Amino acid sequence: MSSNTSDARLWGARFASGPSDAMANLSASVHFDWVLAPYDIAQSKAHARVLHGADLLTKDELKTMLTGLDTLLENAVSGKFIPTPADEDVHSALERGLIETIGPEVGGKLRAGRSRNDQVSTDLRMYLRNNARLLAVAVCDLQSALLAQAQAHVDHPAPGFTHLQHAQPVSFGHELAKHIHAFARDLDRFADWDKRTAKSPMGSGALAGTSLDLDPVALAKDLGFEGVVENSIDGVSDRDYVAEFLFVTSLIGVHLSRLGEEICLWTSREFAWATLDDAWSTGSSIMPQKKNPDVAELARGKSGRLIGHVTAILTVLKGLPFAYNRDLQEDKESVIDAIETLHLLLPAMTGCVATLKFDTEKMLASAPDGFALATDIAEWVVRQGVPFREAHEIAGACVREAEKQGTDLDGLSDAQFAAIHPSLTPAVREVLTVQGSLESRSTINGTAPTSVRKQLATAEKNIADLKKWSAKLPHSV
Ligand code: ARG
């Protein structure tokens, strides 16, 4: 039964035998939690310093410990030190590595006053806080690509949709820029999440704190946290920050999927508004003519797994007794996967968006289709003093008449307009052009090119601020 008798385990003493292979295989997390190794080592160095501060390590022992941990980091990065399946997790592996490097006399002192329970949550917070910034950099790159395309198309009208039916003409720059704002909110969410996650659980120990005279506040500051979690039981049990992180990554996924869906539509033969660059599309193994929007489709598809991760962590947490339970080990693979998925997806979407070529003539030609200027007639009539209720009827009558005549709204004659309602003088034609329609919607958030240009200037500044936020990693490893 019991073939795993490795002494890497941190808890062997009370057991007559080691775990069975099946138990060890189930228990092991080192094959995925190894990404935490640099954070665990940084944390160990900070912990060694507070042990020294509490007179639990001499000056020389501290020096030996810090040098040993630096060597261990080097060896872990270079691959000279490799965790083995018998190590169970990153914390056990690194303790084994430290003892192999500096011996058990000093190496065996590091574990005092901490538990893997507070250690793992501290490492994970550090890993996620740094990675939120690294993801934000990739999101900002996509925003910049969207911004460049939006700036190039401010003056190009296109049909705007509701219910996937032509609704009103819009500036295509306005259409593209809406995605920039969605991603900006996602990065705001990361920045807000970060405030709650910037607290170190160290000092919580297994759950109740420690009787050793350690200084969790100094340790937190040393590690790049803003403070310490207030309650040690909460400190080792809380994974809200994982759930929130996964919500933000799933929402980024949803926003990517909506952008992806638009790219699929725009590049379809039916729309034919945009062409994909060869570098960002694929062909078909059987149909030589095909050029497929695979990046956009994968964005749509991968949002599914990102959403699944939120459901998974919430289900793990629901009804979980306090304090630490091994269920919590299930918190890591989902965040690692979410981060890796977005690092694959975001640069590809950026490349795909940056190289899209738009057929602005085609968009312009179809902008007024489907009587998309009917609202312009209604609002023009309102400006002549007619109540909107009536104006809506009048514009509807214009659509009915145009349909009957087989023409567009501007194809109605002056006499036909006048017969519908006396307020419809020939001056109504000023809003019956796509350009006039766009220019009339000049509210601060509207589609008039003058408004859109101001919106894009604000968005550009916002992207610069977000880039600044993401440039500085709180935890140096
Ligand atoms: N590998 C564990 C995790 O990720 C570390 C904490 C283990 N603690 C324990 N008491 N078994 O959650």
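All ligand and atom numbering here is 1-based and tracks the order in the structure. Given the structure is predicted, the values throughout are model-derived calculations rather than measurements. Every heavy atom of this structure was used, including side-chain atoms; hydrogens, water molecules and symmetry mates were not.
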Between Arg258 and Ser303, a side-chain donor and acceptor under 3.5 Å | no

When you measure from [atom] to every protein heavy atom, which one gives the shortest distance, and what is it?
{"atom": "atom 11 (N) of ligand 1", "value": "Arg116 NH2, 3.7 Å"}
{"atom": "atom 6 (C) of ligand 1", "value": "Tyr324 OH, 3.4 Å"}
{"atom": "atom 10 (N) of ligand 1", "value": "Asn117 OD1, 3.3 Å"}

Within the structure, does [X] bring an N/O atom to less than 3.5 angstrom of an N/O atom in ligand 1?
{"X": "Gln329", "value": "yes"}
{"X": "Asp89", "value": "yes"}
{"X": "Arg239", "value": "no"}

Assess Arg125 against Phe225: is NZ or CZ under 6.0 Å from the centre of the six-membered ring, and within 45 degrees of the ring's axis?
-> no

Shortest non-hydrogen contact from Ala28 to Gln329?
-> O-NE2, 4.0 Å

Do Phe161 and His166 have their ring centres less than 6.0 Å from each other?
-> yes

Are His153 and Phe358 an aromatic pair by the rule of ring centers under 6.0 Å?
-> yes

Donor-acceptor under 3.5 Å (Arg326 side chain, Ser27 main chain) | yes

For ligand 1, is Lys332 a contact, meaning one of its heavy atoms is under 4.0 Å away?
-> yes

Contacting atoms of ligand 1, where contact means under 4.0 angstrom from a heavy atom of Ser29 | 1 (N)

